[in-house]
J.: 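Handing you this structure, nothing more for now.
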Number of protein chains: 2
Amino acid sequence: MGIKVLLVDDHLVVLRGLRFFLSTQEDIEIIGEVENGEAAMKAVEEQKPDIVLMDLMMPVMDGVEATKRLKESHPEVKVVILSSFSDQDHVIPALQAGATGYQLKDVEPDVLVETIRKAAKGEKYLHPKATDLLMSEMTSDVSKETALIHDLTKREKEVLEQITLGKSNKEISNDLYITEKTVKTHVSHILSKLEVHDRTQAAIYAMKNRLFESS
Amino acid sequence: MGIKVLLVDDHLVVLRGLRFFLSTQEDIEIIGEVENGEAAMKAVEEQKPDIVLMDLMMPVMDGVEATKRLKESHPEVKVVILSSFSDQDHVIPALQAGATGYQLKDVEPDVLVETIRKAAKGEKYLHPKATDLLMSEMTSDVSKETALIHDLTKREKEVLEQITLGKSNKEISNDLYITEKTVKTHVSHILSKLEVHDRTQAAIYAMKNRLFESS
DNA sequence: AATAATCTCAGTCAAAAGTCTGAGGAGGAC
DNA sequence: GTCCTCCTCAGACTTTTGACTGAGATTATT
């Protein structure tokens, strides 16, 4: 028994093309073709594919949303995203939605087949550009704009960390054994140095730059 | 001219093995072998390889540290990690250090060759297990405690997003064309539903769970 | 010894945030 | 129609936050 694949794409040519070269593979069996995410939900329910090969840009229900819902209702089904160059913005959301693979449409046929085979085994396989984005997402922001934080004194960093834990001034004063007045002074200095207007913005800044363990 | 590769590993057998099957490739040229990170630094300086194929566990200077320093002094040199470990304690630091590829030592020869060729072109290529870790690192916390957010209405989610942008109630009221009173009502409901006490905690919650693009 | 930075605290205020109660209108569900 | 949810807004009120000024104590620097 081969790997049961459901094709999801709103362009007929793409569907035809995929069917054409996927059906030459002995271990792959195309069990259906649908043209949007909503139809994909139904098809998965009825036909129980192993793999859903899905486009991102589609009418009615896009690939990210469809992936998200699919993984909720049928976590065992593996989703492989097959997208075009243009929507790189959707790589991260798609992966977060639970996609097992990510390839671009200019992919070599045998690479796509390989991606499907790996996905069927639960292995992740991404296009280098997708991996690239994933890695830069990981490593960016971390060492980036940490310039302003260097202005903070030791104590101010401690207070900022408390802020990122969601504590109020009173709570901070308790935990650091200082008065609330002093906390306020520190907070004011922090806001000024980080060039933000309130503690929420300070917390956001700290988290985006991953200044502490918690973020 | 082939791809110039420097081998870095403290085990002689590994070096011999790598040289053996990499030298059968016409487009790959082994220009040196060293046995620790420190020696690698010198060798890179002198021999200007395109690729450094590096072990992680080494005496004197380990692979992560060596990668970090290499990318600082010679960012154009691509580092491919060849490790026997696929756990996150090794993979994540190595990638953050700037590795372009990551493969396990049980890799098929032709996959390793492929990894080197892709790395030479600047493309990232990781072992599926490494990709897996990278993704789970990204998506952890994400799909987790998103239960509470489902209680939020459409409008409340919009307001929460504004909060994660660091806006005040007044700014939100301007941008959403509603009164500040209404914003306050929404905020109160948001805090109650998310079971937090103030907007800062709400922002932290939203960012940790990556509820919006910005986070 | 003198300067500068840091940490601490206080008082005063204004502004912002958040709670609570109440309520009208719009739209969907039954 | 009726029920229910959502979005909207208001008034009254308390709490929290943050700005600004001023100042004593400690510590490191020069």
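Bear in mind that the values here come from a model prediction, so they are computed numbers and not experimental data. Throughout, protein chains are lettered first and strands after them, A, B, ... in sequence-line order, and every chain is numbered starting at 1.
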J.: If only atom types and distance count, is the side chain of S73(B) paired as donor or acceptor with the main-chain N or O of R69(B) below 3.5 Å?
T.: yes
J.: Give a yes or no answer on whether the side chain of K71(B) reaches the backbone of P75(B) with a donor-acceptor pair at less than 3.5 Å.
T.: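 Yes, because the side chain of K71(B) sits within donor-acceptor range (under 3.5 Å) of the backbone of P75(B).
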J.: Distance-only, no hydrogens or angles: does the Q201(B) side chain make a donor-acceptor pair with backbone N or O of H197(B) under 3.5 Å?
T.: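 Yes, the answer is positive, given that a donor and an acceptor are paired below the 3.5 Å cut-off.
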J.: Could you go over nucleotides 12-21 of chain D and give all protein N or O partners under 3.5 Å, atom names and distances?
T.:
from: dT17(D); atom 1: OP2; to: N169(A); atom 2: N; distance (Å): 3.3
from: dG18(D); atom 1: OP1; to: R199(A); atom 2: N; distance (Å): 2.5
from: dG18(D); atom 1: OP2; to: R199(A); atom 2: NE; distance (Å): 2.9
from: dG18(D); atom 1: OP2; to: R199(A); atom 2: NH2; distance (Å): 3.4
from: dG18(D); atom 1: N7; to: K184(A); atom 2: NZ; distance (Å): 3.3
from: dG18(D); atom 1: O6; to: K184(A); atom 2: NZ; distance (Å): 3.0
from: dA19(D); atom 1: OP2; to: S188(A); atom 2: OG; distance (Å): 2.6

J.: With a sphere of 6.0 Å drawn around CD of E35(B), does it hold more than 12 non-hydrogen atoms of other residues, nucleotides or ligands?
T.: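 No, the 6.0 Å shell around CD holds no more than 12 heavy atoms from other groups.
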J.: Which part of the nucleic acid, if any, lies within contact of T179(B), taking any heavy atom under 4.0 Å across all strands shown: a base, the sugar-phosphate backbone alone, or nothing?
T.: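 Sugar-phosphate, backbone atoms only, no base.
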J.: What is the distance from NE2 of H186(B) to C1' of dA10(D), rounded to the nearest Å?
T.: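 It is 14 Å, rounded to the nearest whole Å.
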J.: State, to 0.1 Å, how close A202(B) and L194(B) come at their nearest heavy-atom pair, and which atoms those are.
T.: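 Closest approach of A202(B) to L194(B), heavy atoms only: CB-CD1, 4.4 Å.
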J.: Between D50(A) and I3(A) (side chain of the first, backbone of the second, donor and acceptor by atom type, cut-off under 3.5 Å), is there such a pair?
T.: no
J.: On DNA chain C, reading 5' to 3', which nucleotide is the first and which the last to sit with an atom under 4.0 Å from a heavy atom of chain A, could you check?
T.: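 The footprint of chain A covers dT6(C) to dT12(C).
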J.: Between L152(B) (CG) and dT5(D) (C1'), how many Å, whole number?
T.: 15 Å
J.: Looking at T185(B), is its backbone amide N or carbonyl O close enough to the side chain of S188(B) to form a donor-acceptor pair, meaning the two atoms are under 3.5 Å apart?
T.: no
J.: Would you say T182(B) and R155(B) make side-chain contact, with heavy atoms under 4.5 Å?
T.: no
J.: Which of these passes side-chain contact (heavy atoms from CB on, under 4.5 Å) with E45(A): M41(A), Q47(A), K42(A), K48(A)?
T.: K48(A)
J.: State, yes or no, whether a side-chain contact exists between Q103(A) and Y125(A) at a heavy-atom distance under 4.5 Å.
T.: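 Yes; the side chains approach each other to less than 4.5 Å.
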J.: Identify the pairs formed between an N or O of the protein and an N or O of nucleotides 26-30 of chain D at a distance under 3.5 Å, and give each distance.
T.:
none

